[in-house]
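Okay, so here's the structure we're looking at.
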Amino acid sequence: MSEGSIRQLAERLLVEGAASLSAHDRKLLEKIAQRIPVVRDINSEFDSQLTFGERLSDRVAEIGGSWSFIIGFGAIIVTWVILNSIVLVRWGGSFDAYPYIFLNLVLSMVAALQAPIIMMSQNRQSDRDRLAARLDYEVNLKAELEITALHEKLDQLRSGEVKSILGHIETLLERHLAEEELRETLGQQKGRTADEML
């Protein structure tokens with residue numbers, strides 16, 4: 001942020017006041033002014049607000065999106081096909097013969113139920129990401145303001161040191177000039193005294 005844009009923001013805030021800021025920005029500035037930390041654990045904050053259904057859908061999405069689910073479901077399908085095509089046919093009939101209409105019905109029902117549950121979980125994840133982005137913004141803004149304040153303090157220290165050094169140099173220079181004048185005066189007096197003695 002350039003010096004000019006900081007000055008414009010400060011002037012705008014002085015003229016319009018904090019009313020021109022959003023409620024969120026006002027709260028953030030209050031926290032910064034009171035030196036209250038803005039960092040918080042969004043995972044625990046977000047998880048504490050979840051209902052039972054939301055936690056259940058997250059768990060279903062977690063299981064449904066894993067390799068263990070895919071491998072387990074593949075094993076069930078292979079077992080179903082072997083059971084209905086080979087084993088039960090030898091004993092005089094099968095429960096769900098080829099083309100496995102009941103298996104297709106079960107697979108369609110699982111997909112129809114699992115898809116919206118996974119989408120609900122993904123929507124909550126995007127809400128969590130938005131909360132994390134807002135928290136990152138708050139932390140970054142506070143860090144930027146603190147860094148700016150540190151720069152101002154360093155600049156003040158540097159300008160104070162420069163003034164002190166310049167004052168010390170001026171004092172030394174004045175002392176040196178005074179000593180130089182004194183030498184010249186003493187030299188002139190010695191010269192007059194030598195002339196008078198002759």
Side-chain angles (χ1 to χ4, degrees), residues 1-2 5-6 9 13 18-151:
M1 196 175 229
S2 70
S5 58
I6 292 173
L9 175 63
L13 287 175
S20 66
L21 297 173
S22 68
H24 178 261
D25 288 343
R26 277 195 305 272
K27 285 180 185 176
L28 180 59
L29 284 177
E30 287 172 8
K31 286 180 181 179
I32 291 170
Q34 297 170 359
R35 297 213 174 268
I36 297 173
V38 294
V39 177
R40 57 187 193 266
D41 184 10
I42 61 162
N43 291 325
S44 64
E45 183 179 324
F46 195 81
D47 291 344
S48 67
Q49 299 172 358
L50 294 178
T51 64
F52 173 75
E54 290 171 337
R55 284 193 300 273
L56 181 64
S57 69
D58 285 345
R59 186 72 180 131
V60 168
E62 184 181 325
I63 292 169
S66 66
W67 279 107
S68 58
F69 176 79
I70 293 170
I71 292 169
F73 215 72
I76 290 172
I77 292 171
V78 169
T79 304
W80 185 276
V81 169
I82 291 172
L83 183 68
N84 283 291
S85 296
I86 299 172
V87 176
L88 292 178
V89 170
R90 287 188 183 168
W91 287 339
S94 64
F95 174 72
D96 186 26
Y98 180 81
Y100 313 111
I101 294 172
F102 186 67
L103 177 64
N104 283 329
L105 176 66
V106 169
L107 292 175
S108 297
M109 287 173 46
V110 167
L113 291 174
Q114 192 179 23
I117 291 173
I118 290 173
M119 288 178 68
M120 286 188 295
S121 180
Q122 287 176 342
N123 288 340
R124 256 188 316 289
Q125 183 61 41
S126 63
D127 291 342
R128 183 186 307 242
D129 292 343
R130 275 192 292 278
L131 181 62
R134 192 173 79 206
L135 180 63
D136 286 346
Y137 166 75
E138 291 176 4
V139 170
N140 290 341
L141 180 61
K142 183 172 183 183
E144 184 176 344
L145 291 172
E146 291 293 333
I147 289 170
T148 302
L150 283 174
H151 277 291

To the nearest 0.5 Å, what is the distance between CD (Glu62) and CZ (Arg55)? 14.0 Å
Would you tabulate the side-chain donor-acceptor contacts of residues 73-88 under 3.5 Å, counting partners in other chains and residues two or more places apart, or write 'none'?
residue : atom : partner : partner atom : Å
Thr79   : OG1  : Ala75   : O            : 2.7
Trp80   : NE1  : Asp96   : OD2          : 3.1
Asn84   : OD1  : Phe95   : N            : 3.2
Asn84   : OD1  : Asp96   : N            : 2.8
Asn84   : ND2  : Trp80   : O            : 3.1
Ser85   : OG   : Val81   : O            : 2.9
Ser85   : OG   : Tyr100  : OH           : 2.2

Check whether any side-chain heavy atom of Leu103 sits under 4.5 Å from a side-chain heavy atom of Leu107, and report yes or no. yes
Reported CD-to-CD1 distance for the pair Gln114 and Ile117, which is rounded to 0.5 angstrom: 7.5 Å
Between Arg124 and Asp47, does any NZ, NE, NH1 or NH2 come within less than 4.0 Å of an OD or OE carboxylate oxygen? no
Measuring from atom CD1 of Ile63 to atom CD1 of Ile118, what distance do you get when rounded to the nearest 0.5 angstrom? 11.0 Å
Give the minimum heavy-atom separation between Met120 and Ser57, together with the two atoms involved. CE-CB, 4.1 Å
Distance, nearest 0.5 Å, that separates OG1 of Thr148 from NE2 of His151: 7.0 Å
Give a yes or no on this: more than 12 heavy atoms of other residues, nucleotides or ligands lie within 6.0 Å of atom CZ of Phe69. yes
Over all heavy atoms of both residues, which pair between Ser66 and Ser68 is shortest? Give the atoms and the distance, please. OG-OG, 3.0 Å
Under a plain distance cut-off of 3.5 Å, with no hydrogens placed, do Glu144 and Asn140 share a side-chain donor-acceptor pair? no
Euclidean distance, Asp58 CG relative to Gln122 CD, rounded to 0.5 Å: 10.5 Å
Might you point out which heavy atoms bring Asn104 and Pro99 nearest each other, and give the distance in Å? ND2-O, 3.4 Å
If I take atom CG from residue Leu113 and atom OG from residue Ser108, how far apart are they, to the nearest 0.5 angstrom? 11.0 Å
